[in-house]
Amino acid sequence: RALSVKQHRSMSQLKYKNTFIYTRFYSTSIAYLEKERAVAIKAVERASRVCQAVFKRLVTEETMTKKDKSPVTVADFSAQAVVNSILENDFPDDPVVGEEDSKDLQGEEGRVLREKVVDLVNTATEHPMSSDEILRAIDRGLYAGGSTGRHWTLDPIDGTKGFLRGEQFAVCLALIIDGRVRLGVLGCPNLPWDMSNPDGERGVLMVAVEGQGAFQRKLNSSSNEEVPISVSSVIDTKDAVFCESVEAGHSNHSDNANIAKILGISKPSVRMDSQCKYAAVARGNAEIYLRLPVSDTYVEKIWDHGAGNIVIHEAGGRVADIHGKSLDFSRGRTLSANQGVVAAGAQIFDTVIAAVQETLKYKSQI
Ligand SMILES: Nc1ncnc2c1ncn2[C@@H]1O[C@H](COP(=O)(O)O)[C@@H](OP(=O)(O)O)[C@H]1O
Ligand SMILES: [Mg+2]
Ligand SMILES: [Mg+2]
Ligand SMILES: [Mg+2]
C-alpha cells in the first residue's frame with residue numbers, strides 16, 4: 001500500500017516476467033488487490049471479445065425481451081458465463097451479484113438459445129465447458145449482496161440497447177468489500193481510444209483500485225501498457241459538456257437539460273449508452289454525467305454503477321445521487337438508499353449538485 005503507483009506498476013511487471021523472483025523478494029510488498037486486478041482485467045477482456053464476436057454474427061436474430069421489457073441477447077448470457085467461470089477458478093469462495101440468470105436457457109424452451117451460448121462460451125474458455133457447467137456459472141451471479149465480506153458485481157453487457165444498435169456498451173466488473181467498491185474494471189469495446197479521432201482505433205479498458213488511481217489501456221491489444229487518467233480540469237460549469245443516456249426511459253432528459261441550463265452549459269449533451277459515460281467523465285471527455293430518475297419506483301442496480309463509481313473516484317471525481325448522497329453499495333443487489341446518479345470532477349461537483357437541487361425544488365412546486 002505504501003508504494004507509489006509508479007513503483008507498484010513496475011514491480012507488477014517484474015512479477016509477470018518472473019513470478020519466482022517477485023514472490024521471493026517482494027512478497028511483503030504485493031500491492032493491494034494485485035491478483036484480483038489482473039484476474040478482473042483478463043475476465044473483462046475475454047467477455048468483451050465474446051460480445052464483439054456475437055455482434056458480428058448473431059445479433060440480429062438473437063434478441064429476446066425480459067419481463068421488465070429490457071432486451072437481452074445471447075451475448076449477455078455468454079459474457080456472464082465467461083466472467084463467472086474465470087472468477088470461480090481464481091476466487092472460488094467469492095460470490096457474485098450478476099445481472100443475468102439461466103432461467104431462459106433451461107429446459108426444452110431454452111434449448112436453441114442454450115446451444116448458442118454453449119458454443120460461444122467454448123470459444124472463449126481455456127477448457128471446454130458442458131451445458132450444465134455453463135448454466136451453473138451464470139447462476140453464480142444470484143448472490144444477494146450486502147454489507148459484509150467480499151463479493152463481485154457483474155454487468156456482462158451494460159447498455160444492451162447500445163450494443164444492439166452497434167453503439168456504446170460496456171462489460172462492467174467490480175469488487176465490493178464490506179459494502180464499498182474497492183476495484184472496478186470497465187471494458188468498452190466501441191469507445192474510441194482518442195475521442196478527437198472518433199473513427200480511429202476503438203476499444204478501451206479502464207481499471208481502478210482504491211487508493212491506486214485510475215488507468216486506461218487498449219482493449220484487444222497485446223500491450224499491457226496503462227496510462228493514468230484524470231477528470232477534466234474545467235472549473236467553470238459554463239464550459240462543461242454533460243453526458244446522459246441515449247434512452248429517455250433510463251434518465252430524464254428534460255430534468256437533465258434544466259440542470260445544464262442552470263449551470264450555463266451551452267454545448268449539446270453527449271448521449272451515450274452504458275457506463276461508458278463514467279469512462280468519458282473519468283478521462284475528461286465530458287465534465288458531468290447526469291442520470292435524473294424517470295420514475296419514483298425504479299431502483300438502480302449495483303452492477304450498473306459499481307465499476308464506474310470507483311473509476312470516477314480514482315480519477316479525481318465524485319459520484320452521488322440526486323440528493324448529494326454517496327452511492328450505498330451495501331444494501332444488496334440494488335442501490336435502494338439512493339435515487340438517480342450524478343458524477344463530475346471534484347472541483348465542480350458541489351455546484352452541479354446545487355443545480356440538481358434547484359431543478360428538483362422547482363419541479364416539486366409546480
Ligand atoms: N427506468 C430505468 N431507469 C434507470 N435505469 C434503467 C431503467 N430501466 C433500465 N435501466 C438500466 O439502464 C441500464 C442502461 O443504462 P444507460 O441508459 O445508461 O445505457 C440498463 O442496463 P442493461 O443495458 O445492462 O440492462 C438497465 O439496468
Ligand atoms: Mg439488462
Ligand atoms: Mg446495465
Ligand atoms: Mg446488462
Side-chain angles (χ1 to χ4, degrees), residues 44 47-48 51 54-55 59 62-80 83 96-104 138 141-142 145 152-174 184-191 242-256 269-282 286 288-309 311-312 319 321-322 327 329 333-336 338-343:
V44 167
S48 301
C51 299
V54 176
F55 187 75
V59 85
E62 286 310 326
T63 314
M64 49 185 284
T65 307
K66 288 201 279 197
K67 264 205 205 75
D68 64 358
K69 300 266 192 307
S70 59
V72 60
T73 70
V74 68
D76 298 70
F77 296 116
S78 303
Q80 178 151 327
V83 172
V96 182
V97 175
E99 182 183 4
E100 310 302 344
D101 63 63
S102 74
K103 252 195 328 287
D104 293 324
I138 293 171
L142 290 171
W152 297 82
T153 187
L154 168 68
D155 194 336
I157 294 186
D158 182 39
T160 306
K161 289 183 174 165
F163 173 71
L164 289 167
R165 285 189 247 100
E167 296 173 9
Q168 295 308 324
F169 70 96
V171 177
C172 310
L173 181 62
V185 177
L186 290 175
C188 309
N190 290 340
L191 195 66
F242 82 96
C243 52
E244 61 184 346
S245 290
V246 174
E247 298 294 329
H250 295 173
S251 164
N252 193 317
H253 286 167
S254 77
D255 283 354
N256 294 350
S269 71
V270 173
R271 290 195 175 153
M272 204 189 261
D273 299 281
S274 82
Q275 289 182 57
C276 286
K277 290 186 281 299
Y278 285 117
V281 173
I288 303 165
Y289 169 16
L290 295 175
R291 191 181 188 86
L292 273 282
V294 197
S295 83
D296 291 340
T297 51
Y298 184 80
V299 187
E300 296 283 349
K301 310 299 186 290
I302 63 168
W303 53 81
D304 279 330
H305 302 285
N309 189 79
V311 166
I312 292 278
V319 184
D321 70 2
I322 53 170
L327 302 188
F329 289 88
R333 293 175 64 89
T334 66
L335 296 169
S336 56
N338 300 105
Q339 258 190 303
V341 177
V342 177

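Scope of the values below: all heavy atoms of this structure, side chains included, with no hydrogens, waters or symmetry mates. Read the numbers this way: they start at 1 and go in the same order the structure lists the ligands and their atoms. Every value quoted in this text rests on a predicted model; they were computed, and no experiment measured them.
Atom CG in L327 sits 5.0 Å away from atom CG in N338 (nearest 0.5 Å). Between the CG atom of L292 and the CG atom of N252 there is a distance of 6.0 Å, given to the nearest 0.5 Å. Atom CG of N190 and atom CZ of F55 lie 7.5 Å apart (nearest 0.5 Å). Atom OH of Y289 and atom CD1 of I312 lie 9.5 Å apart (nearest 0.5 Å).
When the side chain to side chain contact (heavy atoms under 4.5 Å, CB included) test is applied to S269, the partners found at least two apart in sequence or on another chain are F242, E244, R271. Residues passing the side chain to side chain contact (heavy atoms under 4.5 Å, CB included) test with E167, sequence neighbours excluded: R165, D273.
Counting heavy atoms under 4.0 Å from ligand 1, residue D155 touches it through the side chain alone. Contact annotation for V294 and ligand 1: no heavy atom of the residue comes within less than 4.0 Å of the ligand. Counting heavy atoms closer than 4.0 Å to ligand 1, residue K161 contributes nothing at all. Neither the backbone nor the side chain of Q275 comes within contact range of ligand 1; no heavy atom lies under 4.0 Å. Residue contacts with ligand 1, taken as heavy atom pairs separated by less than 4.0 Å, involve E99 solely via side-chain atoms from C-beta onward.
When every heavy atom of A248 is checked against every heavy atom of V294, the shortest pair comes out as O-CG2, 3.7 Å.
For S295, the heavy-atom gap to ligand 1 stays at 4.0 angstrom or more. The closest approach between any non-hydrogen atom of G249 and ligand 1 is below 4.0 Å. Heavy-atom separations between M272 and ligand 1 are all 4.0 Å or longer.
Ligand 1 has a nitrogen or oxygen under 3.5 angstrom from a nitrogen or oxygen of T160. Close N/O approach between D158 and ligand 1 is found [any backbone or side-chain N/O within under 3.5 Å]. The distance criterion of under 3.5 Å between nitrogen or oxygen atoms is met by G159 with respect to ligand 1.
Under a 4.0 Å criterion applied to the non-hydrogen atoms of D273, ligand 1 contributes the atoms 19 (O). Shown in contact with S274 at under 4.0 Å from a heavy atom are these atoms of ligand 1, numbered in order with element: 16 (P), 18 (O), 19 (O). Contact atoms of ligand 1 toward K277: 16 (P), 18 (O), 19 (O) (distance under 4.0 Å to a heavy atom of the residue).
Counting only residues at least two apart or on different chains, the salt bridge (Lys or Arg N to Asp or Glu O under 4.0 Å) pairs with a member in residues 290-300 are R291-E300.
Q275 places no side-chain N or O within donor-acceptor distance of the main-chain N or O of C188, the cut-off being under 3.5 Å. At distances below 3.5 Å, not a single donor-acceptor pair connects side-chain atoms of N309 with backbone N or O atoms of G306. Between the side chain of T153 and the backbone N or O of V97 there is at least one donor-acceptor pair closer than 3.5 Å.
In this comparison of A248, S245, C243, the heavy atom closest to atom 16 (P) of ligand 1 sits on S245.
Looking at V96, I138, D101, V171 one by one, the single match for side chain to side chain contact (heavy atoms under 4.5 Å, CB included) with Q80 turns out to be I138.
Ordered by chain and number, D155 OD2, D158 OD1, D304 OD1 make up the set of protein N, O or S atoms under 2.8 Å of the Mg ion (ligand 3).
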Walk me through it: do Y298 and H250 pass the test side chain to side chain donor-acceptor pair (under 3.5 Å)? CA-CA 9 Å; Y298 184 80; H250 295 173; over 6 Å; no

